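Chain letters run A, B, ... following the sequence lines, proteins first, then strands; residues in each count from 1. Since this is a predicted model, take the numbers as computed values, not measurements.
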Protein chains: 2
Amino acid sequence: MISKRPTMMDVATRVGVSRQLVGLAFRNEAGVSSSTRERIFEAASELGYSPDIAARSLRRRSSNYIGVLFNPAHSSADDIVEALYAAAHERGYNLILGALTATRDERDAITELLGFRTESVILISPETPVNELRKLAKRLPVVSIGRPLPQGVCSAVRSDGQRGIAAAVDHLVELGHRDIAYVLTRSLPEFAARHQGYVTAMDRHGLPSRVREIGGDFTEESGAGAAESFLAEPVMPTAVVCSNDHAAMGLINRLLRAGLRVPEDVSVTGYDDSRIARLSFVDLTSVRQDPAEMSTAAVEAAVQMMSDQDSTPQERMIVPTLVIRGSTGQPRSEAQLHPR
Amino acid sequence: MISKRPTMMDVATRVGVSRQLVGLAFRNEAGVSSSTRERIFEAASELGYSPDIAARSLRRRSSNYIGVLFNPAHSSADDIVEALYAAAHERGYNLILGALTATRDERDAITELLGFRTESVILISPETPVNELRKLAKRLPVVSIGRPLPQGVCSAVRSDGQRGIAAAVDHLVELGHRDIAYVLTRSLPEFAARHQGYVTAMDRHGLPSRVREIGGDFTEESGAGAAESFLAEPVMPTAVVCSNDHAAMGLINRLLRAGLRVPEDVSVTGYDDSRIARLSFVDLTSVRQDPAEMSTAAVEAAVQMMSDQDSTPQERMIVPTLVIRGSTGQPRSEAQLHPR
DNA sequence: ACGAAAAACTGGCACGTGCTAGTCTTGAGG
DNA sequence: CCTCAAGACTAGCACGTGCCAGTTTTTCGT
């Protein structure tokens with residue numbers, strides 16, 4: 001084990017040039033003869049040298065880094081992070097990740113990102129109070145992904161929950177459904193828009209709303225609970241629109257155990273198009289918020305605010321699309337009583 | 001938007017003390033009166049100051065950070081990352097994440113981590129060639145998680161694939177199964193140990209091996225392919241041991257579509273106990289490699305090598321456990337012909 | 001009330017790099 | 001052979017912080 005990591009100086013002495021020249025070479029700047037450049041990189045590779053990002057950004061007074069807050073436990077975060085990397089890289093920025101875990105809350109993670117002197121931060125589904133976000137946004141460009149926020153707090157990218165749910169309802173109506181229920185998860189940041197989307201769409205089709213509110217957690221248990229309550233009623237709706245994939249999963253599972261078939265007896269839609277929905281096992285019709293599109297929009301907003309100091313926060317609304325899979329189909333011939 | 005981030009000096013001037021005293025306060029060191037300490041933190045909060053990690057680790061010549069290479073697309077990486085945070089934090093270290101994406105290969109990600117002057121790196125299922133790993137391990141402590149490596153390359157934490165598969169086989173034998181097939185995925189780093197585990201366990205029970213090798217990808221498609229090939233044979237095994245959860249999922253799905261029931265007609269086991277396996281929808285009996293245990297072992301190995309410069313690479317083998325769920329049960333009464 | 005020790009606080013240098021402002025070398029035009 | 005410009009290279013300061021070695025103030029025992 002080598003006790004000390006090599007520095008630019010070590011490379012320079014080895015080649016027999018000044019430290020500055022090594023610097024020029026590593027920054028790909030002109031003024032270094034190609035033969036020297038080659039020798040420098042060779043020596044660097046032999047010594048195992050790589051530039052110290054800390055010292056570099058310290059001197060530059062700009063890190064070229066965008067901080068990203070994400071929750072690995074959240075099913076759609078991975079896709080977004082992946083897309084963020086691509087989008088940031090295209091625009092010449094790097095990413096530094098701040099993960100949310102059981103031992104690290106949002107405040108800790110954000111403080112750490114600030115410590116790295118990231119030039120802006122992108123927060124994926126943040127739960128930080130609005131006034132704190134506002135305060136943070138005074139210090140550096142902040143972009144929130146997926147959370148509806150009051151105008152002007154910070155830049156925000158989100159998908160149109162109202163339109164997404166409406167697309168699901170439209171799809172079901174087109175298939176011939178008329179008794180379409182909605183499973184509402186109040187703990188979801190987007191819950192209001194999605195709920196609104198359901199009510200408005202049903203209204204537009206002249207159909208009565210049938211809403212079932214379920215517990216706060218994202219687990220399938222809550223979806224199963226909704227299934228129970230439908231089973232306890234005289235008539236099972238022919239279709240159920242769920243406000244998230246996990247609830248849809250739980251609901252379907254419970255329905256299957258009760259001897260109902262999906263989609264023959266009941267059609268079900270989810271929201272998020274998470275990996276779970278895509279499993280062939282599940283094959284869930286779901287509303288997709290394109291991660292690439294959201295990420296690109298987020299990075300664009302961040303870059304815009306970083307380059308133009310006094311540009312105002314932007315709001316970008318992404319139009320979600322319905323991915324039709326095997327969990328939706330034509331309604332059962334007549335609205336029969338519950339078969340149990 | 002403020003043009004410049006505040007520094008220690010700004011806080012100091014505001015409070016009317018020296019910069020050094022602010023430093024003492026932020027490092028929680030003695031020698032600062034509690035009243036002054038309070039005023040310092042208040043001023044810092046007003047200015048939105050947080051210490052510059054870059055400058056700090058530059059001066060300290062040690063970053064207190066452990067680099068973690070992970071692939072967000074890999075199903076079990078999230079759990080491990082989460083557990084790594086906890087384990088590292090307990091021992092006074094922080095983590096900096098290097099994600100693997102479509103636009104960033106392992107070499108890029110590792111180089112970046114080195115740039116941050118992490119004191120060691122933990123690589124989750126790395127695919128870097130052995131000689132490069134060896135070279136890297138000469139520069140700083142390296143811990144690999146989940147990949148079998150030749151002795152002495154770097155510290156390694158992995159679970160005993162042989163024992164894991166053996167546990168699955170034993171469980172099935174105990175249930176009464178005798179015709180137990182194995183689905184082998186050669187692309188898996190652990191494939192040899194797991195395969196060995198199957199053969200040895202079957203041998204021990206005096207049962208003949210029945211192995212089916214499937215395509216390289218981790219997708220369910222490959223598992224479905226294995227199901228196809230079993231269906232094409234005169235006798236369907238009463239149980240199938242799969243070398244990963246995804247293959248098991250695909251297999252089950254294909255079997256169900258062919259009208260077979262799981263576990264009534266065929267029992268199936270997976271490997272990894274990934275989130276998918278835990279879904280109530282799937283309820284897959286699977287071999288679990290405890291993320292917390294693996295993470296703790298990895299951090300311990302890293303810490304050990306960081307504090308004792310010339311300690312040799314360690315190897316830690318974690319004993320996996322079988323999580324019994326609903327996809328395994330007693331074998332069908334007699335080994336009937338394929339029912340199609 | 002005095003001295004000494006402890007507590008509270010400060011000065012200055014160093015960490016590894018980027019940038020500005022140079023100096024030295026090379027080669028071409030006259 | 002001289003001049004001059006372009007290319008190749010270097011000197012020195014600055015970035016924000018930690019640590020060592022001080023200096024000033026407070027506390028306490030006698």
For this output row, return yes or no: ring centroids of A:Tyr65 and B:Phe116 closer than 6.0 angstrom.
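Yes, the ring of A:Tyr65 comes within the 6.0 Å limit of the ring of B:Phe116, centre to centre.
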
Please work out which of the three classes, parallel, tilted or perpendicular, describes the rings of B:Phe41 and B:Phe26, given edges at 30° and 60°.
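B:Phe26 vs B:Phe41 ring planes: perpendicular.
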
Please confirm whether the backbone N or O of A:Tyr49 pairs with a side-chain atom of A:Arg5, one donor and one acceptor, at under 3.5 Å?
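Flag not set: sc A:Arg5 to bb A:Tyr49 has no pair under 3.5 Å.
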
Could you please name the option among [options] that lies closest to any side-chain atom of [X]?
X: B:Tyr49; options: C:dC19, C:dT17, D:dT17; answer: D:dT17
X: B:Met8; options: D:dT17, C:dC19, C:dT10; answer: D:dT17
X: B:Leu58; options: D:dC9, D:dG16, C:dG18; answer: D:dG16
X: A:Thr7; options: C:dG16, C:dA8, C:dT10; answer: C:dG16

Using whole Å, what does the distance between atom [atom2] of nucleotide [N] and atom [atom1] of [X] come to?
X: A:Leu21; N: C:dC24; atom1: CG; atom2: C1'; value: 13 Å
X: B:Arg37; N: C:dA7; atom1: CZ; atom2: C1'; value: 12 Å
X: B:Arg27; N: D:dG16; atom1: CZ; atom2: C1'; value: 12 Å
X: A:Phe116; N: D:dT17; atom1: CZ; atom2: C1'; value: 15 Å
X: A:Leu114; N: D:dT17; atom1: CG; atom2: P; value: 13 Å
X: A:Asn28; N: C:dC19; atom1: CG; atom2: P; value: 13 Å
X: A:Leu24; N: D:dG7; atom1: CG; atom2: C1'; value: 12 Å
X: B:Asp10; N: D:dC15; atom1: CG; atom2: P; value: 12 Å

Within the structure, does a side-chain N or O atom of [X] lie under 4.0 Å from either OP1 or OP2 of [N]?
X: B:Arg61; N: D:dC19; value: no
X: B:Thr36; N: C:dA8; value: no
X: B:Ser33; N: C:dA7; value: no
X: A:Arg59; N: D:dA14; value: no

Under the side-chain contact (heavy atoms from CB on, under 4.5 Å) criterion, do A:Val68 and A:Val121 qualify, and how do the steps go?
CA-CA 6 Å; A:Val68 175; A:Val121 286; over 6 Å; no

Need to verify one output field. Residue with the more 5' nearest nucleotide on DNA chain D, A:Val32 or B:Ala55?
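The residue mapped nearer the 5' terminus is A:Val32.
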
Classify the nucleic acid contact of A:Phe26 as base, sugar-phosphate or nothing, counting any heavy atom under 4.0 Å across all strands shown.
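Answer is nothing: A:Phe26 stays at 4.0 Å or more from every strand.
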
Classify the nucleic acid contact of A:Ser57 as base, sugar-phosphate or nothing, counting any heavy atom under 4.0 Å across all strands shown.
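Touches nothing.
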
Counting only distance, no hydrogens or angles, is the base of C:dG18 paired donor-acceptor with the side chain of A:Arg19 under 3.5 Å?
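Present.
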
Using only heavy-atom distances, decide whether a donor-acceptor pair under 3.5 angstrom links the side-chain of B:Gln20 to the base of C:dG11.
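Counting by modelled atom types and ignoring angles, a donor-acceptor contact under 3.5 Å is found here.
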
I'd like to know if A:Arg14 pairs up with A:Glu46 as an ion pair, taking the criterion as any Lys NZ or Arg NE/NH1/NH2 lying under 4.0 Å from an Asp or Glu carboxylate oxygen.
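Yes, charged N to carboxylate O under 4.0 Å.
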
Quick one: do A:Arg107 and A:Glu132 make a salt bridge, cutoff under 4.0 Å?
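Here A:Arg107 pairs with A:Glu132 in a salt bridge, since their nearest N and O are under 4.0 Å apart.
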
